[in-house]
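Let me begin by presenting the structure, written as structure tokens, before commenting on it.
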Protein chains: 2
Amino acid sequence: MADSARRIADELRARIGSGELSPGDRLPGEPALVGEYGVAKETARRALTLLVTEGLAVRKRGSGTYVRSFRPLRRVANKRLSQAGWGNGRSIWSADVDDRELRVADVEVAEVPAPERVSRALALSEGDPVVVRSRRYLVDGEAVQTATSWLPAELVRGTAITRPDTGSGGIYARLAELGLAPARFAEELRARMPSRAETELLALPEATPVVEIHRVAFTADDLAVELNEMLLDAGSYVLEYHLDSQSE
Amino acid sequence: MADSARRIADELRARIGSGELSPGDRLPGEPALVGEYGVAKETARRALTLLVTEGLAVRKRGSGTYVRSFRPLRRVANKRLSQAGWGNGRSIWSADVDDRELRVADVEVAEVPAPERVSRALALSEGDPVVVRSRRYLVDGEAVQTATSWLPAELVRGTAITRPDTGSGGIYARLAELGLAPARFAEELRARMPSRAETELLALPEATPVVEIHRVAFTADDLAVELNEMLLDAGSYVLEYHLDSQSE
DNA sequence: CAGTGGTCTAGACCACAGC
DNA sequence: CTGTGGTCTAGACCACTGG
């Protein structure tokens with residue numbers, strides 16, 4: 001009788017793995033498990049919680065618990081290289097490549113003193129003025145990513161970068177016009193569980209990690225011109241990188 | 001009285017955020033919370049569970065619940081570029097850069113028919129023979145990563161690649177000797193919650209995501225010579241990539 | 001409206017850590 | 001041994017979903 005919750009979860013997991021239960025299907029509910037296995041409601045609940053924390057199921061209040069589906073977007077960090085000779089035999093995760101479109105929402109712009117981590121990344125002094133641009137990206141009306149860009153205010157003041165609509169080509173086109181075209185990027189990634197606030201911001205299902213990406217853009221002269229802090233719903237993305245050799 | 005668990009978690013989270021409780025500190029236990037807040041033990045437990053699922057705390061059976069610490073390794077995907085002019089103002093997450101050493105353990109080698117996803121990635125036919133090399137990486141005796149490499153058996157049969165010890169320089173040096181030096185890599189990443197088996201394999205704390213990396217190595221002639229499937233403890237890593245321009 | 005998940009209580013017994 | 005977390009029960013009430 002020990003570990004009833006685990007045992008029930010194991011059986012349900014096996015039914016998911018075997019394909020008997022497909023993504024989107026409704027799992028047996030709490031009352032059903034109470035009946036089938038003769039356990040208390042809280043125990044049935046715990047069994048379902050195990051699946052939820054493994055990312056295998058999502059709960060829908062008032063409706064049921066469902067097998068989760070995974071339909072990621074593909075984020076290609078370096079688009080140029082990706083068009084070259086990589087067609088040999090790739091694509092491990094199939095992704096709805098480009099049917100769905102990223103839409104930008106909730107753009108906000110402000111000028112503030114640089115927080116410590118930002119001044120460090122941009123090689124400024126703490127408190128130096130920076131322009132902050134934050135926005136969210138939606139797919140099919142659902143938030144999948146937030147992004148906040150920080151740029152040295154001295155460099156971009158008076159340009160379209162300080163306005164919500166940066167015009168055709170976006171920030172990087174404007175930087176290029178200033179003679180500050182980004183030539184290199186450094187990305188740092190981390191995956192972790194979201195805070196409560198982040199869970200609400202991205203409307204994340206339970207047990208969904210986030211990927212935090214910090215990207216610094218450098219000009220050809222190695223001047224740091226932008227720090228972009230992104231937060232991605234890990235369940236919505238496959239990230240792709242293409243690297244030249246000597247890479248390990 | 002509504003949402004007691006959430007309220008208690010909020011207070012504890014604030015005490016962690018303010019620095020009153022530091023990484024490694026012991027949180028008030030379940031009995032303590034029962035006393036302080038006048039709730040049932042299960043409710044106190046739920047409060048702590050909230051922090052655990054946010055990755056802010058870890059439970060130690062028979063001992064207590066502790067504020068979690070985050071001391072990641074830095075995995076630099078392209079080492080060569082990283083030594084160049086990136087010193088301008090980097091390093092958003094401080095990481096114990098290179099004090100700690102990755103140690104390889106549990107190396108296993110076998111020759112098997114290629115599973116579907118492997119044959120696809122390597123542009124083989126399903127069932128074609130492949131050499132599989134799997135191993136785990138330990139830091140301070142703790143598993144932080146597993147890796148499984150798949151190589152076309154026709155290419156590498158009879159070489160050191162089919163032996164546990166591949167010799168100096170590893171797989172890539174041996175491939176180079178065969179005229180199959182990797183010139184490019186394609187990496188695909190995904191972050192997700194681990195299965196139970198993966199949790200045990202990597203001895204993961206609760207609420208720790210994993211990062212799954214699939215990397216295909218190509219020769220200069222665009223021949224796919226290796227698929228490496230890696231699984232990283234997300235709490236142990238910061239991933240770093242360096243990209244040239246046109247990268248978005 | 002009935003059925004679902006969401007939260008909570010008060011109690012029980014167990015397994016493990018550390019003194 | 002005592003205190004900690006780990007699991008479970010039996011019941012209660014609430015909030016939301018969908019027909």
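A note on names: the letters A, B, ... follow the listed sequences, proteins ahead of strands, and every chain is numbered from 1. For the numbers below, each heavy atom of this structure counts, side chains included, while hydrogens, waters and symmetry mates do not.
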Legend entry - Arg61(A) side chain, from C-beta outward: closest of dT9(D), dC8(C), dC16(D): dC16(D)
Inset, instruction - Tell me which nucleotide among dC8(D), dC8(C), dG5(C) gets nearest to the side chain of Ala5(B). - result: dC8(C)
Inset, instruction - Would you please say whether a donor-acceptor pair under 3.5 Å links the side chains of Thr148(A) and Glu229(A)? - result: no
Legend entry - Candidate nucleotides dC8(D), dT4(C), dT7(C), ranked by approach to the side chain of Asp3(A) - the nearest: dC8(D)
Legend entry - Ser63(B)-Tyr66(B) side chain donor-acceptor pair, cut-off 3.5 Å: yes
Legend entry - Phosphate OP1/OP2 of dG6(C): any Arg59(A) side-chain N/O under 4.0 Å: yes
Legend entry - Under-4.0 Å side-chain N/O to phosphate OP1/OP2 contact, Ser63(B) with dC16(C): no
Inset, instruction - Take the protein atom OH of Tyr37(B) and the nucleotide atom C1' of dT9(C), then report the distance between them rounded to whole Å. - result: 19 Å
Inset, instruction - On DNA chain C, check which nucleotide each of Glu42(B) and Leu27(A) is closest to and give me the residue with the more 5' one. - result: Leu27(A)
Legend entry - Shortest side-chain distance from Lys41(B), nucleotide among dG5(C), dC8(D), dG6(D): dG6(D)
Inset, instruction - Kindly say if Ser4(A) contacts the phosphate of dC8(D), meaning a side-chain N or O under 4.0 Å from OP1 or OP2. - result: yes
Legend entry - Atom-to-atom span, CD of Glu30(B) to C1' of dC8(D) - whole angstrom: 14 Å
Legend entry - Arg13(B) vs Asp10(B), salt bridge (Lys or Arg N to Asp or Glu O under 4.0 Å): CA-CA, chis, key distance, verdict: CA-CA 5 Å; Arg13(B) 196 183 299 107; Asp10(B) 287 344; 2.7 Å; yes
Legend entry - Distance-only donor-acceptor test (3.5 Å): side chain Lys60(A), base dG18(D): no
Legend entry - Rounded interatomic separation in angstrom, taking CZ from Arg46(A) and C1' from dA10(D): 12 Å
Inset, instruction - Could you verify whether a donor N or O on one side chain and an acceptor N or O on the other, from Arg59(B) and Thr49(B), lie under 3.5 Å apart? - result: yes
Inset, instruction - May I ask you to check whether Ser119(A) and Glu126(A) show a side-chain donor-acceptor distance below 3.5 Å? - result: no
Inset, instruction - Please state whether the phosphate of dT7(C), meaning OP1 or OP2, lies under 4.0 angstrom from any side-chain nitrogen or oxygen of Thr43(B). - result: no
Legend entry - Between dA15(D) (C1') and Arg6(B) (CZ): distance, integer Å: 13 Å
Legend entry - Rounded interatomic separation in angstrom, taking CD1 from Ile8(B) and C1' from dT9(C): 13 Å
Inset, instruction - Check whether any side-chain N or O of Arg45(A) sits under 4.0 Å from OP1 or OP2 of dG6(C), and answer yes or no. - result: yes
